[in-house]
2 protein chains.
Amino acid sequence: MKIGQATIKDIAIELNVSASTVSRALKDYPGISDETKRKVKEVAEKLNYRPNAIALSLRKSRSFTIGVIIPEVVHFFFSTVISGIEEVAYSRGYNVILTQTNEKLSREMSSIDTMLSNQIDGFLVSFSKETTDFDHFSRLLNQGFPIVFFDRVPEIPHAISVMVDDYKGAFDATDHLVSQGYRNIVHLSGPLNLKISRERIRGYESALIKNGLLVNPDYIVECPIGTDHESQKITTKLLKSLPVRPDAFFASNDMAAVGAMLACKAAGLKIPEDVGIVGFSNWQFCTMIDPSLSSVSQPGSKMGAKATDILLDMIEKKLDPESITGPVVLETELLIRKSSVRI
Amino acid sequence: MKIGQATIKDIAIELNVSASTVSRALKDYPGISDETKRKVKEVAEKLNYRPNAIALSLRKSRSFTIGVIIPEVVHFFFSTVISGIEEVAYSRGYNVILTQTNEKLSREMSSIDTMLSNQIDGFLVSFSKETTDFDHFSRLLNQGFPIVFFDRVPEIPHAISVMVDDYKGAFDATDHLVSQGYRNIVHLSGPLNLKISRERIRGYESALIKNGLLVNPDYIVECPIGTDHESQKITTKLLKSLPVRPDAFFASNDMAAVGAMLACKAAGLKIPEDVGIVGFSNWQFCTMIDPSLSSVSQPGSKMGAKATDILLDMIEKKLDPESITGPVVLETELLIRKSSVRI
DNA sequence: ATCGATAACGCAAACGATTGCATTGAAAAA
DNA sequence: TTTTTCAATGCAATCGTTTGCGTTATCGAT
């Protein structure tokens, strides 16, 4: 037994034919006799031949691999997106290589670099919180390199993106809180440089206005990190400092919602009686905590699948990027649980 | 501007030298004049030259890429392992390609296949729940192919593995429950074909015996899926069916622990007064739920880092696999929270 | 017997980088 | 001047596969 994998040449030698014949026989090209095809396939089977994907990549200048760049896998939402991506990619014969940036711009840029030198066929990107300048993406886009952004999408020309309707999700959540009789609703927002954060603020504001309530900027508070710990501290402070005690919290993120919940409990407030709470993303733990947390669910897996389908269509030229004018927007769903129901 | 990346040949043409000279100049080989080196590097910079990793892989029969095979990224524990893996891999100049098996053996095998044809340098594996036969790994091991197993490790010869001390973790958890005065402790175990599940059962039993308590097989119940939903149903049933009502649950998994908690609450039992609960893995939500969940924390990131270091040492022949006799075992830590403290 | 057609296959270049082994030219030694 | 020496560079093969363009051999037609 040889070391390493059998190659086309091994088959060729065994059968005393040329490598080209083997190559063609394996792919059922015309101009090769049935007899030869049979023998070649037989020997290929015997030697457990597997085509060398690297050699193929070099020859075709294609790797059949797509690169995925996300902030962090520990985020439930992103892990569901990954599943959607893998599902579609594998079914269409592509590999996935994944890196997390840990919210660092430097990691984002170096990942792009190494993936490019690995001849990646296209990118699926949700950029880091640090990313405010998009030159490194624009350059690639201008070269016609296939990129699809998801969830965190940039506002630059020619960028193709898949996102959820953050505006509507936030609107629904806030509207729901109002319908439950809550009046002084704080919005714990995400980092303001992310468009999704700004869209959610817009949705929150619209819902207030629609219901004839005032928008008070003091009731919109940024939670840049987004952990429960951070929001717990912020909420505790808010409960003391705000002139009128808030009676509801709509958080841009479930962890932040939990932090608010813990802070309220610690302050002796009952949920949902005294304070209503709604989160965003529908993490697994929403149903595990007490009271269960209402949340806006984002179709993560679907988003990953959709983004991948578009990317692969672009790679395979089945799709003209110019034909896509606006972002693809997926619907959210408000899941009402105990934390926000008191009527 | 040319389409695509600049190659060594482009630099060579621009400077009227041969490709070999460029290659050597870029790597500061001796025998190239400083003048030439300077010019080559200058042009390389100007053309934004990046070595083609695919060509390099083909030439060296090495891809500087390792393949990671895990059951699911949504599991908090695995997502922390991934971070540890990436950290070490990138710092040592390797890429990571990741696939999740979704607990399916067929996916596990096909992933291995495609990664092999991508000339992966080695594998990091935590196998699926369906995997009971390890031939597909044994074959590779016998060929000397570098593989390191983590967390879920097989009991086959020559397999190198990194795991936590599941026995001691379970022992500590159970011992703690006993010390809090709980006497009828149920163990909600993981799938019995996984060694980690069996080790945790052993630890549970040893702790009971050490404290002079009886091991009752009826109090060891398998939760094959491991979701909160499943364990909630199982626990509800147990609370009714067992002759002596359990006063504590030690679950092999935090989600199962939460399920037990919800079932107990639904049955009108107070936690920790009536029932004590301890989980395993220390998911993020442990501190978010009420009461907070005691849990055995596994050093996921450390495990990923350690496994990767060993794998890369094997790949780079810095380490003789024969020199590793037993598994590398990392310590767990029992984090005591409210769900199990009543004294 | 000669020619053309056709089936079946081989040659060699190409993808991009590396590397052992020449080759070149000029300065130093004879 | 001739030979030696060495620095600086080029040639060509290699990794595994694909593919355009030959090259054979065989057979029927003329």
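Here is the naming used below: chain letters follow the sequence lines, and residue numbers restart at 1 for every chain. We use all heavy atoms of the structure for the numbers below, so side chains are in, but hydrogens, waters and symmetry mates are not.
- Of the residues A:Val148, A:Ile85, A:Asp313, the one that meets the side-chain contact (heavy atoms from CB on, under 4.5 Å) test with A:Thr308 is A:Ile85.
- Nearest-nucleotide mapping onto DNA chain C: of A:Leu58 and B:Leu56, the residue sitting toward the 5' end is A:Leu58.
- You'll find a donor-acceptor pair under 3.5 Å spanning the side chain of B:Ser20 and the base of D:dC11, going by distance alone.
- Between D:dT17 and A:Ser23, no contact under 4.0 Å exists linking OP1 or OP2 to a side-chain N or O.
- For the pair B:Arg62 and B:Phe64, the distance from NZ or CZ to the six-membered ring centre is under 6.0 Å and the angle to the ring normal is within 45 degrees.
- Between A:Arg59 and B:Asp34, the residue anchored nearer the 5' end of DNA chain D, judged by the nucleotide with its closest heavy atom, is B:Asp34.
- Distance from the side chain of B:Lys60 is smallest to C:dT18 among D:dC11, C:dC11, C:dT18.
- Atom pair B:Ile8:CD1 and C:dT19:P shows a separation of 11 Å (rounding to whole Å applied).
- Remark: P of D:dT17 and CG of B:Asn118 are 13 Å apart, rounded to the nearest angstrom.
- We find that CG of B:Leu26 is positioned 13 Å from P of C:dT19, with the value rounded to whole Å.
- As a whole-Å value, the separation of A:Leu15 CG from C:dG10 P is 10 Å.
- Remark: B:Lys46 does not engage B:Glu42 in a salt bridge, criterion side-chain N to carboxylate O under 4.0 Å.
- Following rounding to the nearest Å, B:Ile13 (CD1) and D:dG10 (P) show an atom-to-atom distance of 13 Å.
- Looking at B:Arg50, its side chain has no donor and acceptor atom pair within 3.5 Å of the base of C:dG16.
- Heavy atoms of A:Thr36 sit under 4.0 angstrom from primed sugar atoms or phosphate atoms, though from no base atom.
- Distances shorter than 4.0 Å separate none of the side-chain N or O atoms of B:Tyr49 from OP1 or OP2 on C:dG16.
- No salt bridge links B:Glu72 with B:Arg107; every basic N to acidic carboxylate O contact stays at or beyond 4.0 Å.
- At whole-Å resolution of the value, CZ in A:Arg62 and P in D:dT17 are 18 Å apart.
- The distance from atom CZ of A:Arg24 to atom P of C:dC11 is 12 Å, rounded to the nearest whole Å.
- Comparing A:Lys9 and A:Lys27 against DNA chain D, the residue whose closest nucleotide sits nearer the 5' end is A:Lys9.
- Within 4.0 Å (heavy atoms only), A:Pro51 reaches sugar-phosphate atoms of the nucleic acid but no base atom.
- When the side-chain nitrogen and oxygen atoms of B:Thr21 are compared with OP1 and OP2 of D:dT9, none of them lie within a distance under 4.0 Å.
- Comparing B:Ala19 and A:Ser33, the nucleotide of DNA chain C nearest to each residue sits closer to the 5' end for A:Ser33.
- Side chains of B:Gln100 and A:Ser83: a donor-acceptor N/O pair is present below 3.5 angstrom, by distance only.
- Using a 4.0 Å heavy-atom distance criterion, B:Val22 is classed as making no nucleic acid contact.
- Listed nucleotides: D:dG16, D:dG10, C:dG10. Nearest to the side chain of A:Thr7: D:dG16.
- In this structure, A:Asn52 places its CG atom 17 Å from P of D:dT14, rounding to the nearest Å.
- At the phosphate of D:dT19, OP1 or OP2 sits under 4.0 Å from a side-chain N or O atom of A:Tyr29.
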> Going through the checks in order, is the ring pair (Phe, Tyr, Trp, His ring centres under 6.0 Å) test met by B:Phe137 and B:Phe123?
Replying inline: CA-CA 10 Å; B:Phe137 293 123; B:Phe123 281 115; 7.8 Å; no
